[in-house]
Amino acid sequence: MTDAPAAELLELADAEATAGLGARLAARLAPGDLLLLEGPLGAGKTTLVRGLVAGLGGDPAEVCSPTFVLLETYEVRSGAIARVHHADLYRLRGKAAAPWDEVGLGDALDDAAAVTAVEWPESWRWPGGPGCRVLRIRLAWAGEGRTAEVDWLSG
């Protein structure tokens, strides 16, 4: 059994702080990691991915919500991590089967030189193979700002 660190609860004053959290989390990631981004519309999931991409040496200006295309990939320059796969499953909520193949998530999750961030993951059970680390980030509104609960589910 792995001794996972306790969940962290953070206060984020604004979008800049949310992006900053993404950049800080980038330093903790390894190739193959999966990030599950939960929270209501507008809570900052895509903003957090912008910070993540910046923290991994990519261009945060390339990051947009993949709501309509479902999956985007961003090139980064951070040692063994060469790509960030970014999925948004909002439009697939309520489907009975996991959307791996129709979205391309199977290939993304198998990419040994990437991390994968998934928005709206709540409807599905997430695979975790040997060595796969899963980080869940729950964003919520808190007045003018937000809170983030950061929790390693495995790894």
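Atom-to-atom distance recorded for L89:CG and L105:CG is 6.0 Å, nearest 0.5 angstrom. To the nearest 0.5 Å, atom CG of residue L36 and atom CG of residue L34 are 4.5 Å apart. Taking CD of E122 as the start and CG of L37 as the end, the distance is 9.5 Å to the nearest 0.5 Å. Put simply, CG on L35 and OG1 on T116 are 8.5 Å apart, with the number rounded to the nearest 0.5 Å. Between I81 atom CD1 and L56 atom CG the span is 5.0 Å, to the nearest 0.5 Å. Of the inter-residue distances, the one linking W152 atom CH2 with D33 atom CG reads 4.5 Å to the nearest 0.5 angstrom.
Partners of E149 according to the side chain to side chain contact (heavy atoms under 4.5 Å, CB included) rule, which considers only residues two or more places apart in sequence or in another chain, are A7, L9, R138.
Side chain of K45 to main chain of W120: no donor-acceptor pair is present (N/O by atom type, distance under 3.5 Å, no hydrogens or angles). Between the side chain of R146 and the backbone N or O of A43 there is at least one donor-acceptor pair closer than 3.5 Å. At distances below 3.5 Å, at least one donor-acceptor pair connects side-chain atoms of R77 with backbone N or O atoms of G57.
L135 pairs with exactly one of L25, L153, V115, D151 by the side chain to side chain contact (heavy atoms under 4.5 Å, CB included) rule, that one being L25.
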Can you check side chain to side chain contact (heavy atoms under 4.5 Å, CB included) on V150 and L10, steps first, answer last? CA-CA 8 Å; V150 180; L10 307 167; 4.1 Å; yes
Intermediate values then yes/no, side chain to side chain contact (heavy atoms under 4.5 Å, CB included), D88 and L70: CA-CA 5 Å; D88 184 331; L70 304 178; 5.9 Å; no
Please lay out, stage by stage, how R91 and E119 fare under the test salt bridge (charged side-chain N to carboxylate O under 4.0 Å, His left out). CA-CA 11 Å; R91 294 186 317 127; E119 297 186 30; over 6 Å; no
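Under a cut-off of 6.0 angstrom, the local environment of CD in E11 is sparse, with at most 12 non-hydrogen atoms contributed by other residues, nucleotides or ligands.
The side-chain heavy atoms of L52 and V63, taken from C-beta on, include no pair separated by under 4.5 Å.
Scanning both residues, A112 and P31, for their nearest heavy atoms gives O-CB, 3.1 Å.
Side-chain contact check for H85 and E72: no donor-acceptor pair (N or O, by modelled atom type) lies under 3.5 Å.
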